[in-house]
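Along the sequence shown, the residues carry numbers beginning at 1.
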Amino acid sequence: MSLIEASAVSKIYRSGDVEFYALRDISLTIDTREFVAFVGPSGSGKSTLLNLIGCLDHPSSGRLTVMGTDVAALDRKASAHFRGENLGFVFQEFNLVPVLSAYENVEYPLLMVRGWAPEKRHAQVMKLLDAVGMAAQAHKRPDQLSGGQKQRVAVARALVSEPKLVLADEPTANLDHETAHKVIALMKQMRDDYGTTFVFSTHDPKIMQAAERTLMLEDGRLVKEVQA
């Protein structure tokens with residue numbers, strides 16, 4: 001069984017009597033350990049598809065399973081539990097908790113869903129902060145960090161619990177060239193070491209080049225697939 005299976009998935013948003021198709025009849029499969037990028041112009045449906053896979057929204061029609069679970073059948077509480085146990089996220093807007101330090105933001109998923117001892121948590125958090133070049137800023141809050149630094153903390157947070165699937169929406173958008181390459185290399189190392197699957201929504205040629213499959217969307221439709 002594939003890690004992700006979509007069959008004729010559509011997503012419709014409504015405003016009064018007006019319907020807008022964000023996705024139309026998307027069918028695809030993504031297997032464990034793949035490094036896949038959704039690409040396409042703004043408004044093509046990339047982020048919407050990522051949100052559906054991440055159980056942040058439900059399809060309007062069609063069937064979508066993630067790790068064998070029908071995501072449309074999950075209520076709000078079950079969706080949150082499923083995300084916490086299985087998924088890591090990197091959001092465009094970082095979504096860091098403003099009152100927590102960089103260290104505490106990265107530690108947060110471990111406190112929520114992993115019963116690790118404090119010493120093990122500390123070692124894992126510092127390992128990830130060091131990997132993204134943020135160990136020296138571990139004590140700083142988000143308002144004391146640049147956009148690129150916030151993005152690196154967000155990447156560390158997504159990877160810290162060693163999730164089965166990481167969903168990343170423009171994960172390198174605020175990173176300089178060197179740091180972006182380091183982050184991509186870290187993600188590939190996670191894939192190799194832990195069997196993590198990575199799915200990106202991106203415009204970044206660096207991620208497109210690193211991806212093993214590129215799925216192109218236009219106007220909510222899957223129009224092209226390119227194998228590396």
Side-chain angles (χ1 to χ4, degrees), residues 22 35-57 83-84 87-112 121-122 124-163 165-191 196-211 214-215 217:
F35 216 73
V36 178
F38 296 148
V39 302
S42 296
S44 61
K46 305 186 303 297
S47 295
T48 300
L49 184 52
L50 217 62
N51 287 341
L52 295 184
I53 293 171
C55 305
L56 296 170
D57 203 351
R83 290 193 300 269
L87 308 182
F89 293 88
V90 184
F91 299 99
Q92 285 191 51
E93 296 82 11
F94 318 126
N95 285 14
L96 300 179
V97 181
V99 298
L100 300 183
S101 67
Y103 179 95
E104 291 166 335
N105 266 283
V106 177
E107 184 186 34
Y108 189 74
L110 299 180
L111 293 171
M112 293 297 100
R121 285 202 311 270
H122 177 77
Q124 181 75 346
V125 172
M126 292 309 300
K127 172 186 171 183
L128 269 297
L129 285 172
D130 183 63
V132 297
M134 287 297 293
Q137 287 78 33
H139 65 286
K140 293 184 178 180
R141 295 189 308 274
D143 63 359
Q144 298 171 303
L145 302 175
S146 69
Q149 289 174 326
K150 292 176 187 177
Q151 188 75 309
R152 283 186 267 174
V153 173
V155 169
R157 181 184 59 187
L159 301 180
V160 72
S161 62
E162 300 172 3
L165 172 63
V166 172
L167 304 173
D169 198 357
E170 298 288 0
T172 56
N174 296 285
L175 303 181
D176 61 76
H177 188 81
E178 180 180 358
T179 302
H181 277 292
K182 287 181 179 178
V183 166
I184 293 169
L186 173 63
M187 290 177 171
K188 283 208 162 182
Q189 188 66 49
M190 287 283 295
R191 188 275 304 274
T196 309
T197 302
F198 286 85
V199 181
F200 304 91
S201 167
T202 188
H203 292 94
D204 189 343
K206 294 185 288 297
I207 290 183
M208 296 180 202
Q209 186 176 16
T214 302
L215 304 173
L217 286 87

With distance as the sole test, does [X] use its side chain to make a donor-acceptor pair with the main-chain N or O of [Y] at under 3.5 Å?
X	Y	answer
Ser44	Pro41	yes
Glu107	His122	no
Arg83	Phe89	no
Thr172	Leu175	no
Lys46	Gly40	yes
Asn51	Leu56	no
Thr196	Pro163	yes
Lys206	Ile184	no

If you count every heavy atom of other residues, nucleotides or ligands that lies below 6.0 Å from Lys182 atom NZ, does the total exceed 12? no

Within the supplied structure, the quantity of interest is the number of heavy atoms (other residues, nucleotides, ligands) at a distance under 6.0 Å from Gln209 CD; does it exceed 12? no

Sequence neighbours excluded and cut-off under 3.5 Å, please list the side-chain donor-acceptor pairs for residues 130-142, or say none.
none

Just wondering, do [Y] and [X] contact through their side chains at under 4.5 Å, heavy atoms?
X	Y	answer
Leu165	Val199	yes
Tyr108	Arg157	no
His203	Ser42	yes

From Leu49 CG over to Leu215 CG, what is the distance, rounded to the nearest 0.5 angstrom? 8.5 Å

Describe, in one word, how the ring planes of Phe200 and Phe198 are oriented to each other, choosing from parallel (under 30°), tilted (30 to 60°) and perpendicular (over 60°). parallel

